[in-house]
Amino acid sequence: MNTLGPVLLEAENLEVYRGETLALQLPKWTLRAGEIMGLIGPNGAGKSTLLLYMAGLLAPAKGHLSFEGTILQSTGDFVAYRQRVTLVFQEPLLLDTTVEENIGVGLRLRGIPKAERKVRIKESAERFGVAHLLTRHARELSGGEAQRTSLARACAVKPQILLLDEPFSSLDPPTREALQQDLGRMLRDTGCTAILATHDLMEAACFADSLAVLRAGRVVQCGPVGEVVNHPIDEFVANFVGMETLLVGVVRGCESGLFTLQVGNQEIAGTGDATLGQELTVGVRPENVTISLHPEGETSARNCFAGRVTLITSRGPFLKVELDCGFFLSAYVTSRSREELGLAVGRPVFATFKATAVHLIRK
Amino acid sequence: MDLIWEGIKEALRLLLTLDREVLSITLLSLALSGLATLVSLVLGVSTGVILALNRFPGKRLVISLVNTGMGLPPVVVGLFVSMLLWRNGPLGMLHLLYTPMAIVIAQAVIATPIIAGLSLAALQQLPSNLRLQILSLGASRRQMIWMLIKEARLPLLAAIMAGFGGVISEVGASIMVGGNIKGSTRVLTTATVMETSKGNFDMAIALSVILLLLAFAVNAALTHIQQRRRPR
């Protein structure tokens with residue numbers, strides 16, 4: 001994780017329209033030097049609009065953008081700003097020429113002499129593993145090679161802020177993973193400030209220091225990754241960050257930061273400030289729930305419930321098990337534990353989770 | 001039947017021996033239509049760029065007008081350009097009627113909408129985010145436009161050839177504003193009309209063969225360009 005510097009980019013009272021619709025509304029938004037921000041949200045939430053705006057490519061109806069403390073106003077300001085901030089699109093958008101010329105195009109636009117251009121093209125191409133393709137024509141590249149070239153082109157100009165609009169989403173999984181690693185290394189090595197838009201939480205969580213969750217053109221929550229993932233402020237964010245179990249109940253007891261919540265006929269222990277008789281929503285992340293065949297008496301976990309398996313679905317490397325414990329609960333298990341426990345729909349099991357795994361969502 | 005056969009044989013002789021008159025008519029045609037295409041290139045591509053990159057009220061109407069203009073009948077253009085250039089017309093003081101320049105003007109009027117319409121299409125078929133990507137890499141607006149034109153160079157080349165193909169083969173406007181004056185405004189098409197009406201089939205066929213070859217060359221090049229793939 002990079003150490004964060006002063007505020008680099010700031011937007012205030014911003015409203016951006018695309019056509020007739022209000023596509024983005026940011027009362028206040030900041031990006032600090034060295035920060036890598038993950039921008040997540042469903043399709044159409046305004047991720048691309050935000051990036052286009054931060055790239056200096058869209059005019060706002062209201063509000064302004066300031067870079068290093070100076071408000072951008074004239075066309076000249078924006079041209080100068082765009083020389084320091086580069087956007088990488090989802091599709092590679094290469095020019096109809098060689099890989100080398102493509103990577104060098106930003107350098108050429110900045111009037112960098114040929115000798116230096118060559119050095120920087122090579123450096124950037126090596127970073128993204130396309131150095132052996134320099135003489136190749138852009139038309140002859142595979143999807144992964146084209147996206148690598150696009151990233152190398154953006155990084156060749158050493159932007160102060162790199163904006164990435166779902167750069168991996170059109171790639172197959174192995175290609176995507178390799179490219180993610182290269183990009184992650186590049187971001188760490190250079191300490192570059194970046195915003196990565198994605199609809200994949202895991203991708204955002206791998207790269208980012210902070211997460212901003214967008215919904216219908218507004219940032220609904222923004223903060224450090226751990227905070228957003230564990231303490232979503234509402235059900236929308238909770239669903240989006242993979243907090244699959246959401247429970248509503250009434251507080252029956254509270255004492256020194258610990259509360260008991262009645263959900264249906266069961267009582268769940270959680271941590272946080274609550275008042276007696278209050279209605280609360282809490283969330284439990286599926287990876288924090290353990291499934292066993294016998295009640296686990298010897299653990300520090302305060303919550304242990306008997307229940308039945310209602311559904312088992314594959315989640316790639318592991319399985320998602322849905323339980324009925326008098327309330328809905330979902331848990332992740334590996335395929336190995338599924339075999340050991342003999343998990344099948346209808347099987348009675350015990351589910352255990354700590355009080356600290358119960359996250360307060362809304363008061 | 002003999003007449004045709006003799007005509008073809010004589011035409012081949014005229015072509016193979018590079019007959020002086022055939023050669024001078026061909027060169028004049030190429031020069032006038034080439035110049036007209038050049039003028040249309042500047043006007044047409046500018047129009048295409050303006051239409052492709054800007055939003056303004058009435059844009060659709062302008063595009064419809066340009067597209068209609070792509071099929072402008074040469075005789076109609078000939079009539080209007082003649083009227084403009086008549087001695088007592090609005091541009092009569094320029095004394096351009098029945099000069100090579102009059103042909104260039106009329107042909108430019110024909111080719112400009114063709115090139116404008118096709119360059120608009122060429123620019124619109126580029127990925128819509130390409131413009132933003134180029135700007136984001138640090139280009140000024142002027143640099144961005146130049147890079148887009150370079151990206152669309154092949155379809156733009158096709159537009160130029162379509163424009164050239166349109167004017168080298170038209171006869172209506174050239175004969176009306178040029179008058180088919182030997183050595184001055186006699187071009188391939190007007191000469192073909194005249195030689196045919198005089199019964200000089202050998203000459204008419206020779207000129208037609210040249211026109212056909214030009215048309216073939218233009219189309220072969222067009223086909224070649226259209227079969228290419230864009231980068232991803």
Side-chain angles (χ1 to χ4, degrees), chain A residues 19 48 51-52 54-58 75-76 78-99 101-112 136-147 149-150 153-157 159 161-163 165 170, chain B residues 45 48-50 52-60 63 118-161 221-232:
Chain A
S48 297
L51 288 184
L52 285 175
M54 296 307 161
L57 295 168
L58 279 186
T75 318
F78 276 95
V79 175
Y81 174 67
R82 288 199 301 257
Q83 300 248 335
R84 303 166 77 174
V85 174
T86 305
L87 174 61
V88 176
F89 286 82
Q90 184 176 342
E91 65 269 51
L93 295 170
L94 298 182
L95 301 171
D96 191 6
T97 174
T98 61
V99 169
E101 289 287 316
N102 264 292
I103 298 178
V105 68
L107 302 171
R108 192 187 277 271
L109 286 168
R110 284 160 181 74
I112 288 167
R136 198 83 83 77
H137 197 282
R139 253 183 274 124
E140 301 158 1
L141 300 178
S142 71
E145 290 166 343
Q147 193 57 282
T149 305
S150 171
R153 173 174 67 179
C155 293
V157 300
I161 306 178
L162 186 62
L163 304 168
D165 191 359
S170 56
Chain B
V45 172
V49 167
I50 291 169
L53 298 188
N54 294 289
R55 273 192 217 167
F56 53 88
K59 177 173 166 175
R60 268 169 194 280
I63 292 176
L118 293 177
S119 25
L120 171 64
L123 291 168
Q124 280 179 335
Q125 62 136 53
L126 293 174
S128 55
N129 278 338
L130 186 63
R131 183 166 65 93
L132 298 174
Q133 175 72 85
I134 291 171
L135 285 175
S136 184
L137 286 165
S140 65
R141 190 172 162 82
R142 189 183 294 236
Q143 288 170 319
M144 179 269 289
I145 290 173
W146 178 238
M147 284 171 75
L148 285 186
I149 290 177
K150 266 180 25 191
E151 277 304 287
R153 61 192 180 272
L154 291 172
L156 282 178
L157 198 59
I160 296 166
M161 286 189 291
L222 275 179
T223 313
H224 179 70
I225 288 168
Q226 280 157 358
Q227 298 305 317
R228 282 175 55 124
R229 230 158 44 90
R230 264 202 62 73
R232 37 195 318 155

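Each chain gets a letter, A, B and so on, in the order its sequence line appears, and its residues count up from 1.
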Of Glu145(A), His137(A), Arg139(A), the residue whose pairing with Leu141(A) passes side chain to side chain contact (heavy atoms under 4.5 Å, CB included): Glu145(A)
May I ask you to name which of Thr75(A), Thr86(A), Val157(A), Leu163(A) has the most heavy-atom pairs under 4.5 Å with chain B? Thr86(A)
Can you tell me how far apart CG (Leu53(B)) and CE (Met144(B)) are? Round to the nearest 0.5 Å. 5.5 Å
Residue Arg153(A) versus chain B: region with a heavy atom under 4.5 Å: both
Could you look at Leu58(A) and say if it's the side chain, the backbone, both or neither that has a heavy atom under 4.5 Å from chain B? neither
Heavy atoms of Arg110(A) and Leu137(B) approach each other most closely as NH1-O, 2.6 Å
Under a 4.0 Å threshold between the charged nitrogen and the carboxylate oxygen, would Lys150(B) count as salt-bridged to Asp96(A)? no
Bottom line for Gln133(B): the part with an atom under 4.5 Å from chain A's heavy atoms is both
